[in-house]
Amino acid sequence: MRRGTRRGICREAVLEAGAADPAWLRARREEAWEIYGAMPLPSTRSEEWRYTDVGRMLPFDELEPAEGGAASGPPGELRRAMEQDRESAGRIVDVDGRVVSVELDGAAAAQGVVLSSLREAARAGVHGVESLLATDAVPASDGKFPALNAALWTDGVFLYVPRGVRVDRTVRLSRWVSRPGTATFTRILVVAEEASRISFVDEILSPGFDSVTLANTAVEIFSRRGAQVQYVSLQRMGRGGFYLANQRTLAERDSTLDTLNVALGGSAGRVDLNARLLGPGANSDMLGLYFGDADQHFDFNTSQDHVAPNARSDLLYKGALDGAARGVFRGVIRVHEGAQGTDAYQTNRNLILSDRAVATSLPNLEIEADDVRCSHGATVGQLDAEALFYLMSRGLERERAERLVVLGFLGEVLSRLPLGGVADKVSRAIEAKLRHV
Amino acid sequence: MSDSPILAVKGLRAGVADEDLDILKGVDLALGPGEVHAIMGPNGSGKSTLAKVIAGHPGYEARGGSVEFGGEDLLEMEPDERARAGVFMAFQYPAEIPGVSIANFLRTALQSRLEDGEELDLFDFQELLMERMELLGMDASFAERHVNDGFSGGEKKRNEILQMAVLKPALAVMDETDSGLDIDALQVVARGVNALREENPEMSVLLITHYQRVLSHIVPDTVHVVVDGRIVESGGPEVALELEAQGYEEYRKAHAA
């Protein structure tokens with residue numbers, strides 16, 4: 001519960017977040033805090049942050065670290081979002097940075113699948129947490145925000161799938177942020193052992209806020225040899241929300257590690273996604289979808305790191321921007337020395353629905369091998385007047401015609417998604433948002 | 001003409017928006033229920049402009065005269081209102097709508113015809129769609145394809161006919177639907193139009209074409225020849241044959257202002 005005096009983002013908050021932690025974790029938090037302090041805040045002078053002025057957009061001095069949610073369970077809006085989901089193999093609910101409930105299908109549990117509050121898993125010394133938390137995937141040394149998250153995280157998810165176990169139904173995280181002006185720090189750690197299969201959906205919602213409210217997330221995903229993993233992030237915060245995520249996926253030999261980032265809500269969103277292809281035969285499909293209106297600001301910074309030869313990655317990010325919304329996509333394909341036989345593709349397409357909306361697209365290639373197939377492409381286009389007339393000539397009112405074009409445009413991303421239930425949910429969310437535009 | 005016309009065009013002058021030049025320089029036309037009129041003319045004569053003005057294309061404007069549809073002033077209506085009132089234009093170059101299936105498009109088009117708050121019954125819609133596709137001899141999977149996305153010329157025209165069959169207009173304006181089609185595709189289109197006319201003898205068709213060829217498949221009651229923005233001759237199907245024999249050049253010379 002909130003205290004009388006303000007604490008802010010400070011060392012005391014770090015100590016408090018780790019008060020009941022084992023020594024290794026307290027040490028890791030302290031070290032992360034030091035790294036955080038030693039790094040400057042990203043400025044627009046750096047290429048990667050040119051279009052998102054975090055110093056101006058995020059009032060660091062006023063943010064109050066969140067201290068966990070009410071015990072009364074998920075609020076109505078979150079429950080309604082959860083009810084739209086199809087059957088799940090597991091479900092974890094997080095309110096204001098604290099896990100409030102965990103359910104896991106009995107069959108999955110019997111096969112050794114672990115779904116847990118990350119905080120509890122760390123404290124209980126669950127195997128894998130100490131070695132993989134903020135080490136190989138999103139370590140504090142990665143940057144200012146990864147460091148801040150590693151110092152201040154309060155809870156999150158640990159999902160472990162043992163070797164050969166294939167979980168067919170989705171495991172879901174439903175997050176709710178309720179308090180204006182707070183900063184929530186969440187971590188997600190997914191480990192899929194050899195030849196296992198899992199799909200994880202991370203959905204965040206909140207009401208609208210008068211003051212900037214930060215939801216910071218570090219996502220670490222490991223797919224071991226031959227595993228198949230899918231991670232989906234649905235960002236549906238209310239206005240005032242600032243979603244800031246660092247995601248890293250590590251795909252080992254012959255594994256598939258696919259991601260989808262959906263940004264619909266909040267006032268601002270910044271997602272840094274780094275996909276690392278670490279073994280031959282690894283494959284990552286990276287999908288993104290954003291739809292902004294009013295003064296929403298979405299910034300995606302992606303990288304496809306081909307460390308190993310003969311791996312494949314294919315990125316498609318599509319965005320529609322209305323009102324005075326701003327979309328930024330900056331993506332790089334890095335083919336490391338020796339990564340021969342790489343197949344890497346990157347496409348970003350934007351649909352501008354208003355004179356005041358702006359899309360910036362910066363695709364990039366850095367190739368240090370010679371036998372590769374790589375392509376990148378970016379487009380920024382407007383609604384096609386002929387297409388609108390065509391639809392209207394069949395009786396569709398202008399708004400309905402526009403809606404259909406936007407849905408079709410964004411739908412291409414969802415059609416690539418093997419998970420039917422997620423696509424339906426995202427389609428409905430886009431349709432609902434379109435009705436309000 | 002026995003009945004009062006479904007489409008009455010009087011003294012219509014029209015051109016491309018933002019350009020001073022009139023392409024149509026005073027067109028008069030009356031189309032009765034169930035009638036098929038062909039509009040023939042050389043390139044640049046204004047026949048496609050007439051189709052676009054009737055459908056309400058924003059790139060064209062009427063500057064004089066009137067167009068009435070079922071007694072209502074068509075020029076005052078938005079393109080979607082015209083469609084809901086029963087006007088259908090089969091496009092010469094239909095737009096591509098990526099990511100939107102034909103079925104979803106048609107469902108939305110029918111939904112647009114309902115009152116606010118009224119929901120289209122999805123089961124009824126599916127049944128209608130299947131029945132219409134069967135009538136036109138189309139494979140059911142066609143409706144799952146995205147609207148004109150990557151379609152061949154023939155497929156685009158078949159899609160136009162399918163939409164016409166589902167939306168059941170009172171007036172079908174066919175803007176050079178036959179152009180660029182091989183004989184097989186042309187027959188598919190013609191069979192579709194004829195099947196719809198048989199089913200609804202009240203449906204009127206304004207068939208805009210450059211070639212006589214299509215008129216042996218869809219037989220018109222009246223043929224109008226348009227030269228330089230005016231109808232210079234109207235008559236029975238024999239006019240089209242004459243035209244084919246003489247070529248447009250004779251008409252141009254005879255009607256040069």
Side-chain angles (χ1 to χ4, degrees), chain A residues 260 262 287-291 316-320 347-353 377 379-417 420 423-424 426-428 430-432 434-435, chain B residues 17 51-52 54-60 77-114 116 120 144-149 156 159-160 162-164 166-169 171-173 175:
Chain A
L260 167 65
V262 178
L287 300 172
L289 189 162
Y290 44 102
F291 177 24
L316 174 66
Y317 271 58
K318 289 184 96 169
T347 307
N348 173 230
R349 300 202 187 288
N350 296 279
L351 182 60
I352 300 293
L353 304 171
T379 56
V380 178
Q382 294 177 343
L383 271 183
D384 176 16
E386 288 298 324
L388 275 185
F389 172 62
Y390 186 66
L391 296 176
M392 289 178 73
S393 80
R394 301 305 185 237
L396 280 70
E397 302 89 337
R398 177 175 295 278
E399 298 73 46
R400 219 190 275 264
E402 287 183 1
R403 247 185 263 163
L404 202 59
V405 173
V406 173
L407 269 178
F409 175 79
L410 297 176
E412 186 196 350
V413 172
L414 297 177
S415 71
R416 291 213 197 171
L417 199 71
D424 289 351
V426 175
S427 289
R428 274 200 302 271
I430 295 169
E431 279 177 62
L434 274 166
R435 273 194 286 274
Chain B
K52 285 174 172 133
I54 291 171
H57 191 292
Y60 292 80
M77 296 160 78
E78 293 295 321
D80 54 317
E81 294 172 325
R82 300 179 194 202
R84 295 197 296 272
V87 177
F88 179 93
M89 178 163 94
F91 282 59
Q92 185 177 2
Y93 302 111
E96 299 184 5
I97 318 285
V100 178
S101 71
I102 293 172
N104 187 9
F105 174 29
L106 285 170
R107 196 173 61 223
T108 312
L110 289 175
Q111 177 69 49
S112 300
R113 285 162 170 75
L114 302 179
D116 273 352
L120 189 71
E144 293 311 314
R145 294 181 60 188
H146 294 170
V147 180
N148 298 323
D149 191 9
K156 283 183 180 172
N159 186 16
E160 297 295 286
L162 173 62
Q163 292 172 42
M164 190 192 293
V166 169
L167 299 175
K168 299 180 181 172
L171 169 67
V173 180
D175 186 11

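Order of the sequence lines sets the chain letters (A, B, ...), proteins ahead of strands, with each chain counted from 1. Every heavy atom of this structure was used, including side-chain atoms; hydrogens, water molecules and symmetry mates were not.
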- Task: Tell me, for Leu388(A) versus chain B, whether the close heavy atoms (under 4.5 Å) come from the side chain, the backbone, both or neither.
- Result: neither

- Please flag which part of Glu386(A) lies under 4.5 Å from any non-hydrogen atom of chain B: side chain, backbone, both or neither. both

- Ser415(A) portion near chain B, given a 4.5 angstrom heavy-atom threshold: neither

- Task: List the steps, then state whether side chain to side chain contact (heavy atoms under 4.5 Å, CB included) holds for Asn104(B) with Arg107(B).
- Result: CA-CA 5 Å; Asn104(B) 187 9; Arg107(B) 196 173 61 223; 3.0 Å; yes

- Honestly, the part of Arg400(A) sitting under 4.5 Å from a heavy atom of chain B is side chain

- Message: So for Asp149(B), is it side chain, backbone, both, or neither that comes closer than 4.5 Å to the heavy atoms of chain A?
- Response: neither

- Item | Nearest atoms (heavy-atom pairs only) where Ser112(B) meets Gly395(A) | CB-O, 3.1 Å

- Message: Shorter than 4.5 Å, heavy atoms on both sides: which option in Gly408(A), Ala385(A), Gly411(A), Ala387(A) has the most such pairs with chain B?
- Response: Gly408(A)

- Could you tell me if the ring centre of Phe291(A) sits under 6.0 Å from that of Phe409(A)? no

- Nearest heavy atoms of Leu351(A) and Leu383(A), plus distance in Å: CD1-N, 3.8 Å

- Run the side chain to side chain contact (heavy atoms under 4.5 Å, CB included) check on Leu316(A) and Leu287(A) step by step: do they pass? CA-CA 5 Å; Leu316(A) 174 66; Leu287(A) 300 172; 4.0 Å; yes

- Query: Which answer fits Pro94(B), side chain, backbone, both or neither, if we ask what part of it has an atom under 4.5 Å from a heavy atom of chain A?
  - Reply: both

- Message: Applying side chain to side chain contact (heavy atoms under 4.5 Å, CB included) to Arg394(A) and Phe88(B), what does each step give before you reach the verdict?
- Response: CA-CA 7 Å; Arg394(A) 301 305 185 237; Phe88(B) 179 93; 3.4 Å; yes

- Query: Looking at Asp424(A) and Arg428(A), does any basic side-chain N land under 4.0 Å from a carboxylate oxygen?
  - Reply: no

- Note on the structure: Applying a strict 4.5 Å limit to non-hydrogen atoms, the region of Arg82(B) in contact with chain A is neither

- Task: Identify which part of Phe105(B) has an atom lying under 4.5 Å from any heavy atom of chain A, answering side chain, backbone, both or neither.
- Result: both

